[in-house]
Amino acid sequence: MLFVSFQDRGHDKENARAFAEGLRALGIDVWCSAIPGTIPKGQTSNAAVVRALERSTCFVLVTSGSIDSNWVLGEIDTALERADEDATYSIVPVLLPGARSRDLPVALRTLERLTTSVEPRRANAEAFREWARSLGFPVVEPPRDAPANARTQPAHATPPAGATREPVVDAPLEAHERTAATRDSDNQRRMEPEPFFVRPGALLSLLAVTLVLTGGYYMFRRFDVVGPLERPKLGTDGSGVAAAASPRTWPAVRERLTLDPRFVGVELPDQVGLLPLGQNGRTRLEEFAVEGTGAVPSEATRDAEGVLPITDEDAIVLVLVPPGSFQMGSPPGVRNGDGRPQHLVTFSQPFFIARTELTNAQLRAVPVGRNSSDARLPAAGVSWHDFVGHGSTFGLRLPTESEWEYACRAGTTTEYSFGNDAAGLATHGWYFINSGTQPLDEQTEWKFGNLDEWGCRAHPVGDATKLANPWGLHDMHGNVWEWCADSWHWNYEGAPNDGSQRLDQESPDRVVRGGAFDTPAGHLRSASRRRSNAAEPSRSVGARYARSVATN
């Protein structure tokens, strides 16, 4: 099956639809979401695309310019992964008039491409036959005396009045100098049936010659050949271009994990709905964008340490946390408000957790066009139930309480992920001392009635003045409390030791973690916990999503 991808911009959608319908008229199995009825009722477009890509044997990108759609880039990545695993899988960029090879994503620039001189929505029947042959699909030629457009084709593909049959592929000049008589002669020979009495040896010889000639015709006439039909290999491009593109593939992620002692024995299949972003240069942990939640950070924006910046338009970015064990809670006598008793929790498998609290822009699914500080503020004032519903739309969930503390500690055993001294919050977290408009110092006594007077407020997630924890997670200490999946229990008696959720359907309260902009420093400790009613939103309670690793 042929999968046709396109970007919904200008006339690209119309051309993709015409291209797909024209090839369908020739009997070719084509899947294209631009054709009405392609996506079954009751099925999401994402699920339909994933299934179609799994069934496809050829991937075609119809484009008139550069690709900036996260959706299309995700389809391209999936096709490239298919090509890596299956040598027979083909990927062909179709450049519409005006498009240039440098408009293509880096990973497609070395592939053979089809460069058209006429838009599919204006093409005639012969053009579709030539495109089909160029893509390697068999085409039954019309009788020699049949009109050029006698075959069935989409109504919108009829050529303009007075139009002649145009060459649709850039090719060497000599390839276009064939006369009409030569073409008619070729067609006649192809349409003549072989006599039934032809000897087997002669038939095989004729078949071999035909395959050689067809292969040569396919390679040199139909495509503008610019390089070998293979994907750039990691680190092989001296300019660094291929190296920049290659890390964002699932095979590359798996290869890096085999070299990381933190992930020994971990098998990570492709995760539907996630786009690999490569490693965080500081933590060496893998990061992934959640499709449909915002703009995918560009590889080119990494800073000198290899860390992706955080912007108003960003999609939700998940960090793959390594498996391991930790002591949850605090030992007796250390602090009030911490879970008791302290106990060992072991994660046998990695899991994903968001590098930041969910933002207003991500909650509203507004990936672009927002430049106010409101877009990157943590989404607070939302009930536990509403966060659960919103996250499930993208295959996400709230972290369990043990997942949250494990991720917050990030391998540390101190009161905070940066040490035992609360003074470190000056560079790591927002709380009542530093979140307001009024200057306060560590000697200021926390008073609930003074919070508004001091101007205490939440700040944009990942603010440059605050450092991430050792695993690259921002605002684990302060800014807003974060909902957890677990029901509230006063202690850890009977708590699971495998990191799973502890849920009591009868309890109206859920656990919140991390402290907030309006709380004292003690509430920001890694082990500190509090309860909040699941149905009652609060301006100082937000969320950070998590996701389990899907297995084959």
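We count residues from 1, following the sequence as given.
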**Q** So which atom in Asp12 and which in Phe6 form the shortest heavy-atom distance, rounded to 0.1 Å?
**A**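 Looking at all heavy atoms of both residues, the shortest contact is O-CB, 4.2 Å.
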**Q** Could you label the plane-to-plane angle of the Phe387 and Tyr545 rings as parallel, tilted or perpendicular, counting under 30° as parallel and over 60° as perpendicular?
**A**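 Taking Tyr545 first and then Phe387, their aromatic rings stand perpendicular (interplane angle over 60°).
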**Q** Restricting to side chain to side chain donor-acceptor pair (under 3.5 Å), what partner residues turn up for Arg282, sequence neighbours left out?
**A**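 With sequence neighbours excluded, Arg282 shows a side chain to side chain donor-acceptor pair (under 3.5 Å) to Glu305, given in chain and number order.
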**Q** What's the shortest heavy-atom distance between Val382 and Trp483, and which atoms?
**A**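 Looking at all heavy atoms of both residues, the shortest contact is O-NE1, 3.3 Å.
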**Q** With ring-ring contact (aromatic ring centres under 6.0 Å, His included) as the rule and sequence neighbours excluded, what pairs involving residues 286-324 come up?
**A**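 Passing the test, one end in residues 286-324: Trp250-Phe288, Phe288-Phe352.
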**Q** Just wondering, more than 12 heavy atoms not from Glu442 lying within 6.0 Å of its CD?
**A**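 Enclosed.
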**Q** Report the residues that fulfil side chain to side chain donor-acceptor pair (under 3.5 Å) with Thr519, sequence neighbours left out, ordered by chain and then residue number.
**A**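 For Thr519, no residue satisfies side chain to side chain donor-acceptor pair (under 3.5 Å) once neighbours in sequence are set aside.
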**Q** List in chain and number order the residues that pass side chain to side chain donor-acceptor pair (under 3.5 Å) with Thr359, two or more places apart in sequence or in another chain; answer none if no residue qualifies.
**A**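 For Thr359, the residues satisfying side chain to side chain donor-acceptor pair (under 3.5 Å) (neighbours in sequence not counted) are Gln362.
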**Q** How long is the gap from CZ on Phe3 to CZ on Phe59, to the nearest 0.5 Å?
**A**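 Rounded to the nearest 0.5 Å, the CZ-CZ separation comes to 6.0 Å.
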**Q** Can you name the residues that form a salt bridge (charged side-chain N to carboxylate O under 4.0 Å, His left out) with Arg355, not counting sequence neighbours?
**A**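 For Arg355 the salt bridge (charged side-chain N to carboxylate O under 4.0 Å, His left out) partners, ignoring immediate neighbours, are Asp314.
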**Q** Strictly by modelled atom types, are Asn280 and Glu287 linked by a side-chain donor-acceptor pair under 3.5 Å?
**A**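 Yes.
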**Q** Tell me, please, which residues at least two apart from Thr414 pass side chain to side chain donor-acceptor pair (under 3.5 Å).
**A**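 Per chain and number, Thr414 pairs via side chain to side chain donor-acceptor pair (under 3.5 Å) with no residue.
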**Q** Quick one: closest heavy-atom pair of Trp446 and Pro520, and the distance?
**A**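 Reported closest heavy-atom pair: CG-CG, 3.7 Å.
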**Q** Would you please classify the geometry between the Trp481 ring and the His523 ring as parallel, tilted or perpendicular, with 30° and 60° separating the classes?
**A**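 Aromatic pair His523/Trp481 classed tilted.
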**Q** Can you name the nearest heavy-atom pair linking Asn469 to Cys408, along with the distance?
**A**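 In this case the closest contact between Asn469 and Cys408 is ND2-O, 3.1 Å.
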**Q** Can Arg529 and Asp486 be counted as an ion pair, charged N to O under 4.0 angstrom?
**A**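 Salt bridge flag = no for Asp486 with Arg529.
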**Q** Listed by chain and number, what are the side chain to side chain contact (heavy atoms under 4.5 Å, CB included) partners of Asn533, not counting sequence neighbours?
**A**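 With neighbours one apart ignored, the set is Pro508, Asp509, Ala535, Glu536.
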**Q** Run the salt-bridge test on Glu401 and Arg502 with the 4.0 Å N-O cut-off and return the result as yes or no.
**A**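 The answer is no: the pair does not qualify as a salt bridge.
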**Q** Applying ring pair (Phe, Tyr, Trp, His ring centres under 6.0 Å), can you list everything that pairs with Tyr406, at least two apart in sequence or on another chain?
**A**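 With sequence neighbours excluded, Tyr406 shows a ring pair (Phe, Tyr, Trp, His ring centres under 6.0 Å) to Phe326, Phe347, Trp471, given in chain and number order.
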**Q** Out of curiosity, Glu403 CD to Arg513 CZ, how far, rounded to the nearest 0.5 Å?
**A**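 Taking CD in Glu403 and CZ in Arg513, the distance rounds to 12.0 Å.
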**Q** Check salt bridge (charged side-chain N to carboxylate O under 4.0 Å, His left out) between Glu357 and all other residues, then give those that pass, not counting sequence neighbours.
**A**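 Partners of Glu357 under the salt bridge (charged side-chain N to carboxylate O under 4.0 Å, His left out) test: none.
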**Q** Just wondering, more than 12 heavy atoms not from Glu445 lying within 6.0 Å of its CD?
**A**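 It does not: Glu445 CD has 12 such atoms or fewer within range.
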**Q** Charged N to carboxylate O below 4.0 Å: is that the case for Arg539 and Asp452?
**A**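 Salt bridge flag = yes for Asp452 with Arg539.
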**Q** Taking all heavy atoms of Ala79 and all of Ile91, pick out the closest pair and write down the distance.
**A**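 Shortest heavy-atom contact: O-CD1, 3.5 Å.
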**Q** Which class fits the ring pair Tyr416 and His477: parallel under 30°, tilted 30 to 60°, perpendicular over 60°?
**A**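 Correct class here is perpendicular.
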**Q** Check salt bridge (charged side-chain N to carboxylate O under 4.0 Å, His left out) between Arg262 and all other residues, then give those that pass, not counting sequence neighbours.
**A**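 Only Asp260 meet the salt bridge (charged side-chain N to carboxylate O under 4.0 Å, His left out) criterion with Arg262.
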**Q** Not counting sequence neighbours, which residues clear ring pair (Phe, Tyr, Trp, His ring centres under 6.0 Å) with His343? List them please.
**A**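 Listed in chain order: Tyr492.
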**Q** Test of understanding: with salt bridge (charged side-chain N to carboxylate O under 4.0 Å, His left out), list the residues that count as partners of Asp8, not counting sequence neighbours.
**A**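 If we apply the salt bridge (charged side-chain N to carboxylate O under 4.0 Å, His left out) test to Asp8, skipping adjacent residues, there are no hits.
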**Q** If you round to the nearest 0.5 Å, how far is NE2 of His459 from CG of Asn479?
**A**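 One finds 7.0 Å between CG of Asn479 and NE2 of His459.
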